[in-house]
Structures are given as C-alpha cells and as structure tokens.
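Only one structure is covered here, and it is reproduced in the block below.
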Amino acid sequence: MSKLVIELPPDLETFVNDQVAEGFYANAGDLVRSAVERLAADADPDYEAKLATLKEALRPGLEDARAGRIAEGTIEDFIAEFHASKKG
C-alpha cells in the first residue's frame with residue numbers, strides 16, 4: 001500500500017480528529033480511505049444497481065439471523081464443509 005501525504009485546513013483536520021476520537025474510525029487513514037472509496041462508488045454509474053443486488057443477496061441471511069436461525073463456526077469451517085460435501 002502506498003502512502004499519500006495530504007494537507008487539510010484546520011477545520012477539516014479537527015473534523016477528522018474528532019471522528020477518530022469518537023470511535024467512528026480507527027485512525028485518520030481509515031477515514032480518508034472510506035471517503036475516497038465513497039467518492040469512487042459515487043462515480044460508478046452502476047453503483048446503485050450493484051448496491052441493490054447486494055442488499056437483495058444479503059436479505060435471506062439477515063432474515064435468518066433475526067429469526068435466530070444461525071450456525072456456529074467460521075466462514076472457513078463452512079467452506080471446508082462445502083468442499084467436503086462435493087467430494088463425497
């Protein structure tokens with residue numbers, strides 16, 4: 001990952017520091033990265049369609065979680081179990 005040094009006017013520097021202090025971001029770099037990612041997403045003409053598709057894909061899982069239908073384990077456990085089921 002490359003490093004980029006930026007200068008901010010005092011009011012924006014205060015805003016960044018306040019966001020980090022309030023726990024919204026782990027550090028200033030995370031805040032800037034998030035802001036740049038949002039700008040990139042806004043520049044993507046398909047962003048809203050992609051977001052809607054993602055939300056629809058997540059909906060069944062969220063409904064299961066809200067209803068208490070959850071399984072113990074990690075994603076790695078799930079993947080290993082899936083691959084094992086395909087072999088036999």
Side-chain angles (χ1 to χ4, degrees):
M1 189 177 311
S2 64
K3 184 176 183 178
L4 178 66
V5 177
I6 59 172
E7 293 183 26
L8 295 174
D11 59 325
L12 289 180
E13 183 178 2
T14 298
F15 174 78
V16 169
N17 291 334
D18 289 348
Q19 294 293 295
V20 172
E22 292 177 26
F24 294 112
Y25 297 91
N27 54 54
D30 284 350
L31 182 145
V32 172
R33 192 169 16 267
S34 177
V36 172
E37 287 170 354
R38 183 159 184 177
L39 283 170
D42 289 348
D44 181 353
D46 298 325
Y47 175 76
E48 291 300 324
K50 290 175 185 175
L51 182 60
T53 299
L54 177 60
K55 286 180 178 180
E56 184 58 28
L58 291 172
R59 189 180 50 76
L62 291 171
E63 288 173 359
D64 282 345
R66 288 183 186 118
R69 296 184 297 268
I70 59 173
E72 296 294 323
T74 65
I75 189 67
E76 289 82 9
D77 297 334
F78 172 78
I79 292 169
E81 190 175 309
F82 172 78
H83 287 299
S85 74
K86 294 292 184 182
K87 291 180 182 176

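Computation of the quantities below employed the complete heavy-atom set of this structure, encompassing side-chain atoms and omitting hydrogens, waters and symmetry-equivalent molecules.
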List, by chain and then residue number, the residues other than Phe78 in its hydrophobic cluster (Ile/Leu/Val/Met/Phe/Trp/Tyr, side-chain heavy atoms under 4.5 Å); write none if there are no others. Ile75, Ile79

Side chains of residues 24-33: which donor-acceptor pairs under 3.5 Å do they make with residues two or more places apart or in other chains?
| residue | atom | partner | partner atom | Å |
| --- | --- | --- | --- | --- |
| Asn27 | OD1 | Gly29 | N | 3.1 |
| Asn27 | OD1 | Asp30 | N | 2.8 |
| Asp30 | OD1 | Arg33 | NH2 | 2.5 |

Determine all donor-acceptor pairs shorter than 3.5 Å in which one atom belongs to a side chain in residues 8-16; sequence neighbours excluded.
| residue | atom | partner | partner atom | Å |
| --- | --- | --- | --- | --- |
| Thr14 | OG1 | Pro10 | O | 3.0 |

What residues, two or more places apart in sequence or in another chain, satisfy salt bridge (charged side-chain N to carboxylate O under 4.0 Å, His left out) together with Glu56?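 Partners of Glu56 by the salt bridge (charged side-chain N to carboxylate O under 4.0 Å, His left out) criterion, ordered by chain and then number, come out as Arg59.
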
Give every residue pair that meets the side-chain hydrogen bond (donor to acceptor under 3.5 Å, both in side chains) criterion with at least one member in residues 67-82, sequence neighbours excluded.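 side-chain hydrogen bond (donor to acceptor under 3.5 Å, both in side chains) check on residues 67-82 returns Asp64-Arg69, Thr74-Glu76, Thr74-Asp77.
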
Return a table of donor-acceptor pairs under 3.5 angstrom between the side chains of residues 46-55 and protein atoms on other chains or two or more places apart.
| residue | atom | partner | partner atom | Å |
| --- | --- | --- | --- | --- |
| Lys50 | NZ | Asp44 | OD2 | 2.8 |
| Thr53 | OG1 | Ala49 | O | 3.0 |

Go through the structure and list residues passing side-chain contact (heavy atoms from CB on, under 4.5 Å) with Leu39, not counting sequence neighbours.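 With neighbours one apart ignored, the set is empty.
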
